[in-house]
Protein chains: 2
Amino acid sequence: MEEQQVGSLHFQIDFSQPLYEQILDQARSAIAKGEIALGDKMPSVRELAQELRINPNTVMRAYQELERDGLTEKRRGQGTYVTTSPEHVASFRTALAAKYIDSFMEQMESLGLSWDDIEKYIHQKQAAQGGNG
Amino acid sequence: MEEQQVGSLHFQIDFSQPLYEQILDQARSAIAKGEIALGDKMPSVRELAQELRINPNTVMRAYQELERDGLTEKRRGQGTYVTTSPEHVASFRTALAAKYIDSFMEQMESLGLSWDDIEKYIHQKQAAQGGNG
DNA sequence: TAAGTGTATTAAGTGATATAATACACTTAA
DNA sequence: TTAAGTGTATTATATCACTTAATACACTTA
């Protein structure tokens with residue numbers, strides 16, 4: 001329900017998931033999709049906390065994970081910056097995609113659905129969407 | 001880590017997720033895949049709790065959700081039985097698959113990956129698996 | 001009547017999440 | 001030197017989801 005633009009980042013926060021996870025996911029997405037450029041400065045911990053009206057510790061938790069992902073670099077006293085390495089972003093994307101895909105395939109397997117079943121469903125859906133919007 | 005056979009049901013429980021969710025998922029899977037037949041009796045709440053060494057209330061929680069799914073019918077004083085309606089199982093499968101797929105597509109979108117990218121990855125992976133196991 | 005079902009209630013403990021308040025170390029610019 | 005803005009760390013507190021424990025009730029079957 002909560003929608004916020006902070007610098008070049010856009011956040012949409014609700015209570016369906018832990019706050020730090022939502023910040024993490026949405027920041028990851030923005031970097032992976034290039035919505036925030038390589039080398040750009042991220043909002044400061046305090047600024048983002050204030051804008052989103054949450055605790056700085058919660059933002060910190062998300063930012064620390066971003067750095068572990070290799071997506072950001074933190075410079076004490078200066079701020080948090082998006083990595084300048086396109087390779088880091090690319091390998092992060094690949095790794096996370098692989099994780100999502102594996103987990104998804106397990107879910108499908110648990111329902112007894114084959115890859116062919118899935119492809120049919122998706123193509124059907126894409127056809128429907130193509131006709132509507 | 002914990003592996004248990006209870007009647008025709010197989011459970012593999014760890015601490016990565018809530019216990020009731022694991023029981024729910026694995027029971028759903030067994031019914032969806034026909035590993036337990038339509039109309040068959042499920043383990044009783046107390047029996048399953050004892051076998052898995054967890055609290056009966058936790059099993060209850062999973063069983064109540066199974067009934068909401070339309071996958072089981074409970075008869076007071078007699079026990080819990082897998083539905084006799086193949087249509088119920090089919091529609092459950094379809095609904096849950098759609099939910100999983102939608103959520104998966106959102107994840108992929110958040111990484112900026114197209115459906116073509118995903119298909120390539122899967123086919124690559126299937127080729128690799130075909131050669132190994 | 002006894003044993004086995006599902007169900008409900010109350011109490012308690014644990015861990016993840018989030019907030020609050022405060023302090024420290026570092027960088028930059030006035 | 002100083003002040004303001006960075007990331008970081010610590011301690012305390014609160015809430016909620018999950019789980020356990022103990023107990024009791026209603027129903028069915030043998």
Side-chain angles (χ1 to χ4, degrees), chain A residues 1-2 4 6-7 9 11-27 31 36 39-83, chain B residues 1-2 4 6-7 9 11-27 31 36 39-83:
Chain A
M1 296 301 172
E2 199 68 23
Q4 294 280 347
V6 185
L9 292 180
F11 291 95
Q12 188 161 351
I13 306 295
D14 56 37
F15 291 96
S16 65
Q17 286 179 344
L19 301 178
Y20 81 92
E21 256 183 41
Q22 299 182 55
I23 295 169
L24 178 59
D25 287 343
Q26 292 173 32
I31 298 173
I36 182 171
D40 271 15
K41 189 175 185 305
M42 298 275 292
S44 80
V45 169
R46 286 175 180 80
E47 181 194 1
L48 186 51
Q50 192 172 22
E51 292 287 340
L52 300 182
R53 291 191 288 277
I54 64 178
N55 196 277
N57 293 339
T58 305
V59 175
M60 259 300 288
R61 184 162 178 185
Y63 272 27
Q64 285 179 329
E65 184 67 22
L66 277 181
E67 190 170 38
R68 261 178 254 128
D69 289 341
L71 293 180
T72 61
E73 295 161 4
K74 288 183 279 191
R75 307 178 199 152
R76 207 187 186 94
Q78 299 183 52
T80 299
Y81 295 81
V82 178
T83 178
Chain B
M1 295 301 171
E2 200 69 23
Q4 293 279 348
V6 185
L9 292 180
F11 291 95
Q12 187 161 352
I13 306 297
D14 56 38
F15 292 96
S16 66
Q17 287 179 343
L19 302 178
Y20 81 92
E21 257 183 41
Q22 299 182 53
I23 296 168
L24 179 59
D25 287 342
Q26 292 172 32
I31 297 173
I36 181 171
D40 271 13
K41 189 174 185 305
M42 298 276 291
S44 80
V45 170
R46 287 174 178 82
E47 181 194 1
L48 186 51
Q50 193 172 22
E51 292 286 340
L52 300 182
R53 291 192 288 277
I54 64 177
N55 197 278
N57 293 340
T58 305
V59 175
M60 259 300 288
R61 185 160 177 186
Y63 272 27
Q64 285 179 328
E65 184 66 21
L66 277 181
E67 189 171 39
R68 261 178 254 129
D69 290 341
L71 294 180
T72 61
E73 296 162 2
K74 288 183 279 192
R75 306 178 198 150
R76 208 185 185 93
Q78 300 184 49
T80 299
Y81 295 80
V82 178
T83 179

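Per chain, numbering begins at 1; letters A, B, ... match sequence-line order.
- For the OP1/OP2 pair of dT17(C) and a distance below 4.0 Å, the side-chain nitrogens and oxygens of Y20(A) include at least one atom meeting the criterion.
- Residues from residues 63-79 of chain B placing a heavy atom under 4.0 Å of any atom in DNA chain C, listed by number, are Q64(B), K74(B), R76(B), G77(B), Q78(B), G79(B).
- Applying the salt bridge (charged side-chain N to carboxylate O under 4.0 Å, His left out) definition to pairs two or more places apart or across chains, those involving residues 66-81 of chain A are R28(A)-D69(A), E65(A)-R68(A), E67(A)-K74(A).
- Here the side chains of V82(A) and L71(A) are not in contact, with every heavy-atom distance at 4.5 Å or above.
- Taking CZ of F11(B) as the reference point, atom CD of Q4(B) lies at 10.0 Å (rounded to 0.5 Å).
- Annotation: proximity of residues 42-53 of chain B to DNA chain C (heavy atom, distance under 4.0 Å) is found for S44(B), V45(B), R46(B), numbered in ascending order.
- To the nearest 0.5 angstrom, M42(B) atom CE is 10.5 Å from E47(B) atom CD.
- Interface limits on DNA chain D: the 5'-most and 3'-most nucleotides within less than 4.0 Å of chain B heavy atoms are dC18(D) to dT29(D).
- Over its length, the helix from dT1(C)-dA30(D) to dA30(C)-dT1(D) turns its helix axis by 10°, as judged from the five terminal pairs at each end, rounded to 10°.
- Evaluation of atom-type donor-acceptor distances gives no pair under 3.5 Å for the side chain of N55(A) against the base of dA18(C).
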Taking only distance into account, with no hydrogens and no angle test, what donor-acceptor pairs under 3.5 Å do side-chain atoms of residues 54-63 of chain A form with protein atoms, sequence neighbours excluded?
unit_1 : atom_1 : unit_2 : atom_2 : d
N55(A) : OD1    : N57(A) : N      : 2.9
N55(A) : OD1    : N57(A) : ND2    : 3.4
R61(A) : NH2    : Y20(A) : OH     : 3.4
Y63(A) : OH     : P43(A) : O      : 2.8

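- In this structure, T80(A) OG1 and Q78(A) CD are separated by 10.5 Å, a value rounded to the nearest 0.5 Å.
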